[in-house]
J.: 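Encoded as structure tokens, here's the structure I'll be asking about.
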Amino acid sequence: MDLARLREQIDRIDRQIVELYEQRMEVSGQVAEYKIETGKKVFDRAREQEKLQKVKALTHNEFNSHGVEELFEQIMSMSRKLQYRMLTEKGSMGRLPFIGVEALDKENARVVFPGAEGAYTQTAMEEYFGKDVNSVHVDSFRDAMAALEEGSADYAVLPIENSTAGIVNEIYDLLAEFENYIVGEQILRIEHCLMALPGTKPEDIRTVYSHPQSLMQSSDYLAEHPGWQQVSMGNNAFAARKVSEEKDRTQAAIAGAHAARTYGLEILEKGINKSSLNSTRFIIVTNQKIFLKEAKKVSICFEIPHESGSLYRMLSHFIYNNLNLSKIESRPLEDRNWEYRFFIDFDGNLADCAVKNALRGLRDEARYMRILGNY
């Protein structure tokens with residue numbers, strides 16, 4: 001067989017495929033015009049499943065049947081994306097329920113943070129809102145989100161991700177549970193310090209208190225002191241406050257320098273965490289559907305059918321609209337084994353046509369989709 005002749009045949013067939021594809025997309029555009037006039041939805045799952053069964057029946061073996069199914073899934077997906085784009089261009093997408101603002105009202109805001117005075121979260125809050133911020137602290141992340149929901153605070157500051165320990169799972173779950181929205185972020189360099197009552201020597205210490213992530217991040221240092229018992233606390237500042245209040249020289253805490261100053265403790269050693277580049281990303285959350293007009297990152301979450309290719313189809317909306325994904329995480333869905341809620345960050349602004357186009361497609365095709373914020 002002559003390979004060159006075979007390749008010529010493939011080239012000829014490919015030209016025909018391209019020509020037929022463009023014809024099909026032209027007809028899809030006409031379908032979009034009809035749907036714009038009638039208000040009919042773009043995505044019709046039952047129609048697409050019926051179409052897939054018909055084209056599969058035209059094939060002559062199982063291999064080709066699967067291949068044609070995948071091919072037509074892609075063709076129909078591109079058709080939908082064209083229709084979504086035309087809806088956006090014609091102004092038929094509707095407005096997103098978010099209001100663009102020039103700036104946040106930091107001067108008159110009441111801000112809540114989880115933990116006690118001296119927590120890293122307080123430091124992040126002061127860097128974002130200023131040291132004169134009107135603030136209150138609560139015991140837990142949930143309490144902070146609830147304060148927004150009930151209106152006792154305008155903003156909350158919450159840790160969502162550490163560069164070495166990874167994401168804070170509870171924050172992702174709370175973002176899905178509460179009708180609160182991300183409007184900003186603050187990245188804080190983390191330097192863990194070993195602290196104790198003034199005059200305490202390392203050989204006096206028997207127990208070290210801190211948040212589980214801080215203990216993990218300081219594991220190399222703690223391994224040098226195998227005789228120290230490690231006890232987890234809900235917050236680093238809680239640990240520092242405990243050591244200060246109980247006046248026990250056998251106790252020490254791992255927290256930030258701010259906590260040592262707040263509770264009158266002596267820093268025995270600085271920078272005991274493993275990585276000198278350790279940083280935590282904090283999010284600024286509110287109960288208002290607002291976003292800064294200059295915002296450049298969008299966060300969303302969605303749920304999808306538990307079936308082959310469903311995540312790929314969702315992610316294709318970002319590819320088609322030339323949107324850059326910066327993060328994807330998943331969390332298990334309660335009472336639904338082996339099903340997940342996905343959290344995605346991508347570059348863009350809610351006022352951008354490409355973003356509107358992608359969000360419309362995601363909303364139509366996901367089992368559930370929600371915008372978590374633009375910041």
Side-chain angles (χ1 to χ4, degrees), residues 96-101 104 121 124 127-128 141 144-145 148 155-190 213 277-304 310-333 340-375:
L96 293 170
F98 285 80
I99 299 173
V101 297
L104 303 181
T121 316
E127 289 201 8
Y128 191 86
F141 300 149
M145 293 292 266
L148 293 180
Y155 300 99
V157 180
L158 300 164
I160 193 169
E161 178 184 16
N162 180 268
S163 59
T164 58
I167 67 170
V168 183
N169 291 330
E170 186 182 353
I171 298 299
Y172 280 88
D173 294 340
L174 291 172
L175 284 170
E177 177 182 347
F178 284 84
E179 291 287 334
N180 296 326
Y181 306 93
I182 308 170
V183 290
E185 65 180 0
Q186 180 69 46
I187 296 175
L188 184 69
R189 182 175 176 272
I190 302 299
Q213 282 196 346
L277 301 177
N278 187 6
S279 299
T280 294
R281 182 166 68 98
F282 295 83
I283 53 173
I284 317 302
V285 184
T286 184
N287 64 359
Q288 304 172 65
K289 285 190 172 182
I290 61 174
F291 68 98
L292 293 172
K293 291 182 178 179
E294 60 184 24
K296 297 179 180 178
K297 182 192 292 186
V298 181
S299 292
I300 64 171
C301 67
F302 58 77
E303 300 168 20
I304 53 178
S310 56
L311 179 58
Y312 172 80
R313 288 192 293 272
M314 295 296 286
L315 296 180
S316 69
H317 288 283
F318 299 101
I319 299 170
Y320 181 79
N321 288 288
N322 197 30
L323 297 172
N324 179 52
L325 265 66
S326 55
K327 191 171 188 64
I328 180 168
E329 298 286 350
S330 64
R331 294 287 298 143
L333 291 171
Y340 300 87
R341 178 182 293 115
F342 293 90
F343 294 83
I344 285 181
D345 294 346
F346 64 94
D347 297 343
N349 186 284
L350 291 179
D352 298 341
C353 287
V355 172
K356 291 179 182 178
N357 190 21
L359 292 175
R360 175 62 179 267
L362 291 164
R363 178 175 282 116
D364 280 0
E365 298 177 33
R367 189 158 56 192
Y368 167 83
M369 194 279 283
R370 194 172 138 231
I371 300 170
L372 299 176
N374 188 196
Y375 50 102

J.: With side-chain contact (heavy atoms from CB on, under 4.5 Å) as the criterion, how do F302 and R341 come out once you've worked through the C-alpha distance, each side chain's angles and the decisive distance to 0.1 Å?
T.: CA-CA 6 Å; F302 58 77; R341 178 182 293 115; over 6 Å; no

J.: If a pair satisfies salt bridge (charged side-chain N to carboxylate O under 4.0 Å, His left out) and one of its residues is in residues 362-375, list it, with sequence neighbours excluded.
T.: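 Residue pairs passing salt bridge (charged side-chain N to carboxylate O under 4.0 Å, His left out), neighbours aside: R80-E365, E179-R370, E339-R367, R360-D364.
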
J.: Can you name the closest pair of heavy atoms from V157 and T121 and give their distance?
T.: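 Nearest heavy atoms, V157 then T121: O-CG2, 3.1 Å.
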
J.: Nearest 0.5 Å please: distance from the CD atom of E303 over to the OH atom of Y340.
T.: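 Result: 13.5 Å between the selected atoms.
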
J.: Is I328 atom CD1 crowded by more than 12 heavy atoms from other residues, nucleotides or ligands, each under 6.0 Å away?
T.: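 Count over threshold, so yes.
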
J.: Decide, yes or no, whether a salt bridge links K327 with E329 under the criterion of side-chain N to carboxylate O below 4.0 Å.
T.: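 So K327 pairs with E329 through a salt bridge.
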
J.: Quick check: does any side chain N or O of S163 sit under 3.5 Å from a backbone N or O of S279, one acting as donor and the other as acceptor?
T.: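 Pair found, side chain donor or acceptor close to backbone of S279.
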
J.: Taking the side chain as every heavy atom from C-beta outward, state whether L311 and I304 have any pair of such atoms under 4.5 Å apart.
T.: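 Of all side-chain heavy-atom pairs linking I304 with L311, at least one is under 4.5 Å.
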
J.: Would the distance check show the side chain of N357 and the main-chain N or O of C353 forming a donor-acceptor pair, the cut-off being under 3.5 Å?
T.: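 Such a contact is absent between N357 side chain and C353 backbone.
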
J.: Could you grab the distance from atom CD1 of I182 to atom CZ of F282, nearest 0.5 Å is fine?
T.: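 Atom-to-atom, I182:CD1 and F282:CZ are 14.0 Å apart.
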
J.: So which heavy atom on G348 is nearest to which on N374, and how close?
T.: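 Distance-wise, the nearest heavy atoms are O-ND2, 3.2 Å.
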
J.: Are F291 and Y181, when compared by the centres of their aromatic rings, separated by less than 6.0 Å?
T.: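 Here the rings of Y181 and F291 have centres that are no less than 6.0 Å from each other.
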
J.: What's the shortest heavy-atom distance between T280 and P159, and which atoms?
T.: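 The answer is CG2-CB, 4.0 Å.
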
J.: Considering non-hydrogen atoms only, spot the tightest contact between N349 and E294 and give its length.
T.: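 Distance-wise, the nearest heavy atoms are ND2-C, 4.2 Å.
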
J.: Using modelled atom types only, decide if a donor and an acceptor are shared between the side chain of N162 and the backbone of Q213 within a distance under 3.5 Å.
T.: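 Checking the backbone N and O of Q213 against the side chain of N162, no donor-acceptor pair under 3.5 Å is found.
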
J.: Charged N to carboxylate O under 4.0 angstrom, K296 versus D352?
T.: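 Answer for the salt bridge query: no.
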
J.: For S299 and Y375, work out which heavy atoms get closest and say how close.
T.: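 Shortest heavy-atom contact: OG-OH, 2.7 Å.
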
J.: Start with the C-alpha gap between N324 and D347, add the side-chain angles, then the distance that decides, and say whether side chain to side chain donor-acceptor pair (under 3.5 Å) holds.
T.: CA-CA 6 Å; N324 179 52; D347 297 343; 3.0 Å; yes

J.: What residues, two or more places apart in sequence or in another chain, satisfy salt bridge (Lys or Arg N to Asp or Glu O under 4.0 Å) together with K297?
T.: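 For K297 the salt bridge (Lys or Arg N to Asp or Glu O under 4.0 Å) partners, ignoring immediate neighbours, are E185.
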
J.: Show your working on side-chain contact (heavy atoms from CB on, under 4.5 Å) between D345 and V298 and close with a plain yes or no.
T.: CA-CA 6 Å; D345 294 346; V298 181; over 6 Å; no

J.: Who pairs with E127 by salt bridge (Lys or Arg N to Asp or Glu O under 4.0 Å), at least two apart in sequence or on another chain?
T.: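 Salt bridge (Lys or Arg N to Asp or Glu O under 4.0 Å) check on E127 returns nothing, list empty.
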
J.: Is there side-chain contact between V183 and Y155, with at least one heavy-atom pair below 4.5 Å?
T.: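 Counting from C-beta outward, V183 and Y155 do come under 4.5 Å.
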
J.: Distance check, rounded to the nearest 0.5 Å: I300 atom CD1 versus M369 atom CE?
T.: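 The CE atom of M369 is 5.5 Å from CD1 of I300, to the nearest 0.5 Å.
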
J.: Quick one: side chain to side chain donor-acceptor pair (under 3.5 Å) partners of Y320, sequence neighbours excluded?
T.: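 Testing Y320 for side chain to side chain donor-acceptor pair (under 3.5 Å), a comparison that skips the adjacent residues, returns none.
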
J.: Can you name the residues that form a side chain to side chain donor-acceptor pair (under 3.5 Å) with K289, not counting sequence neighbours?
T.: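 None.
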
J.: Got a second to check how far Y172's OH is from S330's OG, nearest 0.5 Å?
T.: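 Atom-to-atom, Y172:OH and S330:OG are 10.5 Å apart.
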
J.: Would you call R331 and N169 a side-chain contact if the rule is heavy atoms closer than 4.5 Å?
T.: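 They are in contact (side-chain heavy atoms under 4.5 Å apart), so the answer is yes.
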
J.: First locate atom CD1 of I190, then atom CG of L277, and finally report the distance between them rounded to the nearest 0.5 Å.
T.: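 Spacing of CD1 (I190) from CG (L277) equals 12.5 Å.
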
J.: Using only atom types and a distance under 3.5 Å, with no angle test, would you say the side chain of N287 pairs donor to acceptor with the backbone of L148?
T.: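 Yes; at least one donor-acceptor contact below 3.5 Å.
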
J.: Do L104 and L292 make a side-chain contact, defined as non-hydrogen atoms from C-beta onward lying under 4.5 Å apart?
T.: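 Result yes, sub-4.5 Å side-chain heavy-atom pair found.
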
J.: Nearest 0.5 Å please: distance from the OH atom of Y368 over to the SG atom of C301.
T.: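 Answer for the OH-SG pair, Y368 versus C301, is 5.0 Å.
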
J.: Would you please name every residue forming a salt bridge (Lys or Arg N to Asp or Glu O under 4.0 Å) with R313, sequence neighbours left out?
T.: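 In terms of salt bridge (Lys or Arg N to Asp or Glu O under 4.0 Å), with neighbours along the sequence ignored, R313 is linked to E73, E307.
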
J.: Show your working on side-chain contact (heavy atoms from CB on, under 4.5 Å) between I160 and V168 and close with a plain yes or no.
T.: CA-CA 5 Å; I160 193 169; V168 183; 5.5 Å; no

J.: Evaluate side-chain contact (heavy atoms from CB on, under 4.5 Å) for I371 paired with L359, printing each intermediate quantity in order.
T.: CA-CA 9 Å; I371 300 170; L359 292 175; 3.8 Å; yes

J.: Contact between N180 and L174 at the side-chain level, heavy atoms closer than 4.5 Å - yes or no?
T.: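 Not in contact.
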
